[in-house]
Colleague: 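Below you'll find the structure I mean.
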Amino acid sequence: ASIGERFCLSTPSLASLDLDGMTSLTAIKAGFCCQSSLAFVDLSGITNLETIGDGFCVTSSLTSLDLSGLSNLTSIGYNFANTCTSLTSLNCSVLPQLKSIGSGFCQNAASLSNVRLSGMGSLTSIGNGFCQGASMTCLDLSALINVSSIGNGFCAECNALSIVDLSGFS
């Protein structure tokens, strides 16, 4: 099962979306909740989710996002949470099957201060503009042992960045 393109596109009154327990969901297609006032999305319990399409929650009002536990997730499309200016925290730890993160991941998420990407042993590529313009102070990329490609603009213009954990890179 999948959620189609432009799901809840331009929904100014939508504040919360709970997808918890949708165990048959394997894909979230492009344009999911773009241009919405969505502040909360619960993706926990979507154990079979394999792909998050391009433009996930672009220009939404998300404040926090936790993708940990999506054990079958293999790819995150481009412009994931791009221009989510209210996003402060993102946990993408323990995604053992994730192979690729598209360009524009959290780019211009000006309030983003904490990003955890640890425990992604299958990750091979990170696209251009990763977290470019975010205000993060700490970036945990530990144990990303198979990353062979990091795109241009990686953490560019992250003026507050003071701690980066790259332990485990070979």
Colleague: Would you say the side-chain atoms of Asn128 pair up with the backbone N or O of Asn152, donor to acceptor, closer than 3.5 Å?
Modeller: yes
Colleague: Grab the two heavy atoms, one from Ala110 and one from Ser135, that are nearest each other, plus how far apart they are.
Modeller: O-OG, 2.7 Å
Colleague: Looking at side-chain heavy atoms only, is the closest gap between Ser122 and Asn146 below 4.5 Å?
Modeller: no
Colleague: Look only at the side chain of Thr26 and the backbone of Ala1, and say whether a donor-acceptor pair between them is shorter than 3.5 Å.
Modeller: yes
Colleague: Among residues two or more places apart or on two chains, list those pairs meeting side chain to side chain donor-acceptor pair (under 3.5 Å) that have a residue in residues 87-97.
Modeller: Asn91-Ser93
Colleague: Using 0.5 Å steps for rounding, measure from the CD1 atom of Ile3 to the CG atom of Leu17.
Modeller: 7.0 Å
Colleague: Is a side-chain N or O of Asn72 found less than 3.5 angstrom from the main chain of Thr47, in a donor-acceptor match?
Modeller: yes
Colleague: Could you give the distance from CG (Leu70) to CD1 (Ile52), rounded to the nearest 0.5 Å?
Modeller: 6.0 Å
Colleague: Taking side chain as C-beta onward, heavy atoms only, is Thr137 less than 4.5 Å from Leu161?
Modeller: no
Colleague: Compare every heavy atom of Leu117 with every heavy atom of Cys92, then report the nearest pair and how far apart it is.
Modeller: CB-CD2, 3.3 Å
Colleague: CG of Leu95 to OG of Ser71: how many Å apart, nearest 0.5 Å?
Modeller: 9.0 Å
Colleague: Around Lys99, counting heavy atoms of other residues, nucleotides and ligands shown, do more than 12 lie under 6.0 Å from its NZ?
Modeller: yes
